[in-house]
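Report on one structure; see the data block that follows.
Only a predicted model underlies this, so the values are computations on that prediction, with no experimental measurement involved.
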Amino acid sequence: MTTLYEGAYAKLNLTLDVHGKREDGYHDLTSVMQTISVRDDIEIDVGTGKPWSLLCDKEGIPCDERNLAWKAAKLYLDTIGKDPDGLQIRITKRIPSQAGMGGGSADAAAVLRALNRYYAYPLSIAALAELGAAVGSDVPFCVLGGTAVAQGRGERLRKLPDMPECIFVICKPEFSVSTPELYAKLDETVIGKRPDHAAMEKAILSGDVAGIAQNLYNVFDPVVTAEHLELNYIKSIFNSYGSLGQQMTGSGSAVFCMVPEFEYAAVICQMLKENYPEVFIAKSVSF
């Protein structure tokens, strides 16, 4: 038996725009995405000689073939035609669920990377990301990691230079958002403002942290905030204690801000922890 170890890193959407609905029922989107240091840990035992199993230390996470990590392992092994002679996946969960931070997708991507390494890299990163698209829309980016522009439903990726090291504070309120319902609401909403992806990319290319912060924008943010005004409260705490810019990530419900120094992050964390147990300080991660 061999045990594989891999970090599963969360993501943030620095920009997120939603375009028209596609024939397959998905929506086309454009997003500048960034890997951050909040992570789950994945361990995979290969060659257990026993039926497949999945263990997770957090309640409420499916521990069977419904889990994206399980789906990713099965798809990968079917694709390369290998039998692992028994498999156990163990997930130590830190990325909050239903937050818009890509937790399940990050786990799936970590499984793909770990198995690909174990079998001596039969698939390139591009092929691995393409495979991940069949598991979930955020999996391709989580396979690639770093800083990238995602288009289509997330499967078309263009790698960007690493963004300058940034410090983020992320707060996950207790409520969660149904992604299909949110897309349906957005379809009925006149989108008054859209992110400027070109300006965001220019700020990243020039290493302009303030420019990156000023160009954060997610079209889902005002739709969710209209129904959950506590997001305004969280953002007001961000603003009061040194935030350079803030917004919601993905389809929510986590919101994040960028700060210039760790000390600002520590103060914001302290102010929010009393009401929100899931508050994280993170750095940008390069792949």
Is the closest side-chain heavy-atom distance between [X] and [Y] below 4.5 Å?
| X | Y | answer |
| --- | --- | --- |
| Phe220 | Val177 | no |
| Asp64 | Leu54 | no |
| Lys159 | Thr147 | no |
| Val259 | Cys257 | yes |
| Glu43 | Gln88 | no |
| Ile234 | Leu272 | yes |

Do [X] and [Y] belong to the same hydrophobic cluster, where Ile, Leu, Val, Met, Phe, Trp and Tyr are linked whenever their side-chain heavy atoms lie under 4.5 Å apart, directly or via other members?
| X | Y | answer |
| --- | --- | --- |
| Tyr9 | Val143 | no |
| Val285 | Ile167 | no |
| Leu244 | Met271 | no |
| Phe238 | Phe280 | no |
| Ile42 | Val38 | no |

For [X] and [Y], which I'm curious about, is there any donor-acceptor pair between the side chains at under 3.5 Å?
| X | Y | result |
| --- | --- | --- |
| Asp162 | Ser286 | yes |
| Tyr241 | Glu263 | no |
| Ser31 | Thr15 | no |

[X] side chain to [Y] backbone, donor-acceptor under 3.5 Å:
| X | Y | answer |
| --- | --- | --- |
| Asn116 | Leu112 | no |
| Glu155 | Arg153 | yes |
| Arg194 | Val18 | yes |
| Arg117 | Leu4 | no |
| Gln246 | Val255 | no |
| Lys172 | Phe175 | yes |
| Thr48 | Asp45 | no |
| Asp40 | Arg94 | yes |
| Asp17 | Pro195 | no |

Quiz prompt | salt_bridge(Glu165, Lys283) N-O dist < 4.0 Å | solution = yes
Self-check item: Electrostatic pair Asp41-Lys93, nearest N-O below 4.0 angstrom
Solution: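 Not counted as a salt bridge, because no side-chain N and carboxylate O are separated by less than 4.0 Å.
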Practice problem: Kindly indicate, with the supporting measurements, whether the criterion side chain to side chain donor-acceptor pair (under 3.5 Å) is fulfilled by Thr30 and His197. | Solution: CA-CA 8 Å; Thr30 304; His197 305 292; 4.6 Å; no
Exercise. Quickly, which of Asn13, Asp221, Asn218 forms a side chain to side chain donor-acceptor pair (under 3.5 Å) with Thr249? Name it, please.
Key: Asn13
With a sphere of 6.0 Å drawn around [atom1] of [X], does it hold more than 12 non-hydrogen atoms of other residues, nucleotides or ligands?
| X | atom1 | result |
| --- | --- | --- |
| Lys58 | NZ | yes |
| Lys202 | NZ | no |
| Lys273 | NZ | yes |

Practice problem: List the steps and the verdict of side chain to side chain donor-acceptor pair (under 3.5 Å) for Tyr217 and Asp196. | Solution: CA-CA 8 Å; Tyr217 196 72; Asp196 188 338; over 6 Å; no
